[in-house]
2 protein chains.
Amino acid sequence: MSEPGAGAKQGGENLLFLTDEQLRKGIEAMFFAYRAFTADPDRILEGLAYGRAHHRAVHFINRQPGLTVNTLLSVLGVTKQSLNRVLRTLIEDGLVETRVGRKDKRERHLYLTEKGAGLERELSEAQRARMRAAYRAAGPSAVAGFREVLEAMMDPDLRRYYTTMKDGNA
Amino acid sequence: MSEPGAGAKQGGENLLFLTDEQLRKGIEAMFFAYRAFTADPDRILEGLAYGRAHHRAVHFINRQPGLTVNTLLSVLGVTKQSLNRVLRTLIEDGLVETRVGRKDKRERHLYLTEKGAGLERELSEAQRARMRAAYRAAGPSAVAGFREVLEAMMDPDLRRYYTTMKDGNA
DNA sequence: TTGGAAAGTCAACATGACTGACATAATATC
DNA sequence: GATATTATGTCAGTCATGTTGACTTTCCAA
């Protein structure tokens, strides 16, 4: 967009970081990193009767206590049938509790119980440990770039959600 | 690692980017971005009788033509039974062909056919389009940071593989 | 020649997605 | 007040992808 740099296929710009080869490396990096990223919580979940879907539900309920089923649905991007199976077991096992909406009594607001918050902490801590190590190894400016690229990659609706929740509650 | 910056909980260093809050945002960014990252090829695969697993197989066979089943197995991190089901359909449909190893005749070396390469290009182009847009939006130095953090996040074995293949063949 | 590695196959099962159909309750609209 | 819509929950069935375990075939190498 600015400097007419050294030759690249696409034009007169300095777009060497946009070659197909660079993009393919980025794709592979996402694949390998995401696998590692989910591996630690998966290992914890293994013993329990829960899976990755439960982890995600618990994560977002923790992030935004009192969110409705519908909101969680659109954040997770799954069908209500799929989410319902997950929520049902979490409620039965006393990890999540629902409260009927005050304004709109059709809505169910979701909260973690103490027990649920405990599991969330355990899973999250495992995942954060890896993230922390990666952040530390790469340094603050790399982390900023990491976040920028991921953000640009998201679908607009979720990017909106993501940035709204940015540096949100504890 | 360098500048003794403003106060952080952890010590005298500038570790504000390592707060739990920052780490949680990174976790969510990974989750949302990965979903978007797989969405485009998934849409293409939908019509065909293939899934994400087929895409991954085709991707790595394209990256490293002639790799053995065992190598692909460890790159993908699945069981041979799981991979076999995928490979069988790809071979039956004429997207992948195997050649018996010259040195070791037990090994099967995997190659894409013309047809297979066609599908790979289609899937890959969809995925690269999103990656390209994100790279362009974020800029070269953000991309460098992105790659650094992802690399630091990988499991050591796959990081080794990844860096070995770095900017490898077309 | 025999042990073990590489590959392939069969069966059974779990998880987490999906669609479609339907029920209930509460809100919103006409 | 009747009707439509929304939010949620549930049942049933399907699919893709992963898993274990058991077993066979092929073939290299000690």
Side-chain angles (χ1 to χ4, degrees), chain A residues 31 34-35 38-39 41-61 66-92 96-111, chain B residues 31 34-35 38-39 41-61 66-93 96-111 123:
Chain A
F31 173 64
Y34 196 80
R35 264 244 304 286
T38 56
D42 281 359
R43 241 184 314 271
I44 295 171
L45 264 346
E46 209 167 77
L48 295 67
Y50 302 125
R52 213 176 277 182
H54 299 83
H55 179 195
R56 294 199 280 249
V58 160
H59 172 94
F60 285 106
I61 296 171
L67 87 176
T68 65
V69 173
N70 238 0
T71 304
L72 184 54
L73 225 42
S74 55
V75 170
L76 294 177
V78 297
T79 59
K80 65 172 179 174
Q81 293 91 331
S82 196
L83 175 58
N84 199 255
R85 186 174 27 190
V86 166
L87 277 183
R88 192 166 39 204
T89 69
L90 290 173
I91 291 166
E92 277 169 6
V96 167
E97 64 179 32
T98 66
R99 295 181 210 158
V100 172
R102 278 180 311 169
K103 268 199 69 171
D104 186 335
K105 290 177 193 161
R106 288 170 304 180
E107 294 179 339
R108 302 299 148 93
H109 297 268
L110 302 169
Y111 297 87
Chain B
F31 173 63
Y34 195 80
R35 264 243 303 285
T38 55
D42 281 0
R43 241 185 314 272
I44 295 171
L45 264 346
E46 209 167 77
L48 295 65
Y50 304 124
R52 214 176 275 182
H54 300 82
H55 179 193
R56 294 199 280 251
V58 160
H59 172 94
F60 285 106
I61 296 171
L67 87 176
T68 65
V69 172
N70 234 6
T71 304
L72 184 53
L73 225 44
S74 55
V75 170
L76 294 177
V78 297
T79 59
K80 65 173 177 174
Q81 293 90 330
S82 195
L83 175 58
N84 199 256
R85 187 172 24 193
V86 167
L87 277 183
R88 192 167 39 206
T89 69
L90 290 174
I91 292 166
E92 277 169 7
D93 297 354
V96 168
E97 63 178 31
T98 66
R99 296 182 208 157
V100 173
R102 278 181 310 169
K103 269 198 67 170
D104 186 337
K105 291 178 192 160
R106 288 168 303 181
E107 294 179 340
R108 303 296 148 96
H109 297 268
L110 302 168
Y111 298 87
L123 294 171

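The analysis underlying the following values was restricted to heavy atoms, covering all of them including side chains, and did not include hydrogens, waters or symmetry mates. The sequence lines fix the lettering, A, B, ..., with proteins before strands; numbering per chain opens at 1.
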Separation of atom [atom1] in [X] from atom [atom2] in [N], rounded to whole Å:
X: Asn70(A); N: dT5(D); atom1: CG; atom2: P; answer: 17 Å
X: His55(A); N: dT15(C); atom1: NE2; atom2: P; answer: 18 Å
X: Glu107(B); N: dA5(C); atom1: CD; atom2: P; answer: 14 Å
X: Leu76(A); N: dG16(C); atom1: CG; atom2: C1'; answer: 12 Å
X: Tyr50(B); N: dC15(D); atom1: OH; atom2: C1'; answer: 16 Å
X: Leu110(A); N: dT8(D); atom1: CG; atom2: C1'; answer: 11 Å
X: Asp42(A); N: dG16(C); atom1: CG; atom2: C1'; answer: 12 Å
X: Lys80(A); N: dT19(C); atom1: NZ; atom2: C1'; answer: 12 Å

### Message
Using heavy-atom distances to pick each residue's nearest nucleotide on DNA chain C, tell me which of Ala53(A) and Lys105(A) is more 5'.
### Response
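Looking at the nearest nucleotide for each, Ala53(A) comes out on the 5' side.
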
### Message
By nearest heavy atom, map Leu83(A) and Lys103(A) onto DNA chain C; which one lands nearer the 5' end?
### Response
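Going by which nucleotide is closer to the 5' end, it is Leu83(A).
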
Report the nucleotide, chosen from [options], that has the shortest atom-to-atom distance to any side-chain atom of [X].
X: Gln81(B); options: dG21(D), dA25(C), dT17(D); value: dG21(D)
X: Asn84(A); options: dG9(D), dC28(D), dA26(C); value: dG9(D)
X: Arg52(B); options: dC18(C), dA7(C), dT17(D); value: dT17(D)
X: Val78(B); options: dG18(D), dC27(D), dT9(C); value: dG18(D)
X: His54(B); options: dT17(D), dA7(C), dC11(D); value: dT17(D)
X: Val69(B); options: dT19(C), dT19(D), dG8(C); value: dG8(C)
X: Arg56(B); options: dT17(D), dT20(D), dA17(C); value: dT17(D)
X: Asp104(A); options: dG16(C), dT19(D), dT27(C); value: dT27(C)

A side-chain contact here means heavy atoms from C-beta on lying under 4.5 Å apart; do [X] and [Y] qualify?
X: Leu87(A); Y: Leu110(A); result: yes
X: Leu45(B); Y: Arg52(B); result: no
X: Val96(A); Y: Val86(A); result: no
X: Val69(B); Y: Leu72(B); result: no

#### Entry: Base dG9(D) paired with Arg85(A) side chain (donor-acceptor, <3.5 Å)
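No pair found.
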
### Message
Taking donor-acceptor contacts at under 3.5 Å, does the side chain of Arg106(B) reach the base of dA5(C)?
### Response
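Such a pair is found, so the answer is yes.
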
### Task
Hey, can you tell me if Phe31(A) and Phe60(B) have their rings parallel, tilted or perpendicular (30° and 60° cut-offs)?
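The arrangement is tilted - the two ring planes meet at 30° to 60°.
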
### Query
When the ring planes of His59(A) and His55(A) are compared, do they come out parallel, tilted or perpendicular, using 30° and 60° as the limits?
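Ring orientation of His59(A) relative to His55(A): perpendicular.
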
### Query
Can you find a side chain N or O atom of Thr79(B) that sits less than 4.0 Å from OP1 or OP2 on dT19(D)?
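For Thr79(B), the contact criterion (side-chain N or O under 4.0 Å from OP1 or OP2 of dT19(D)) is met.
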
### Task
Would you indicate what His109(A) reaches in the nucleic acid, counting non-hydrogen atoms under 4.0 angstrom: base, sugar-phosphate, or nothing?
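Result for His109(A) = nothing.
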
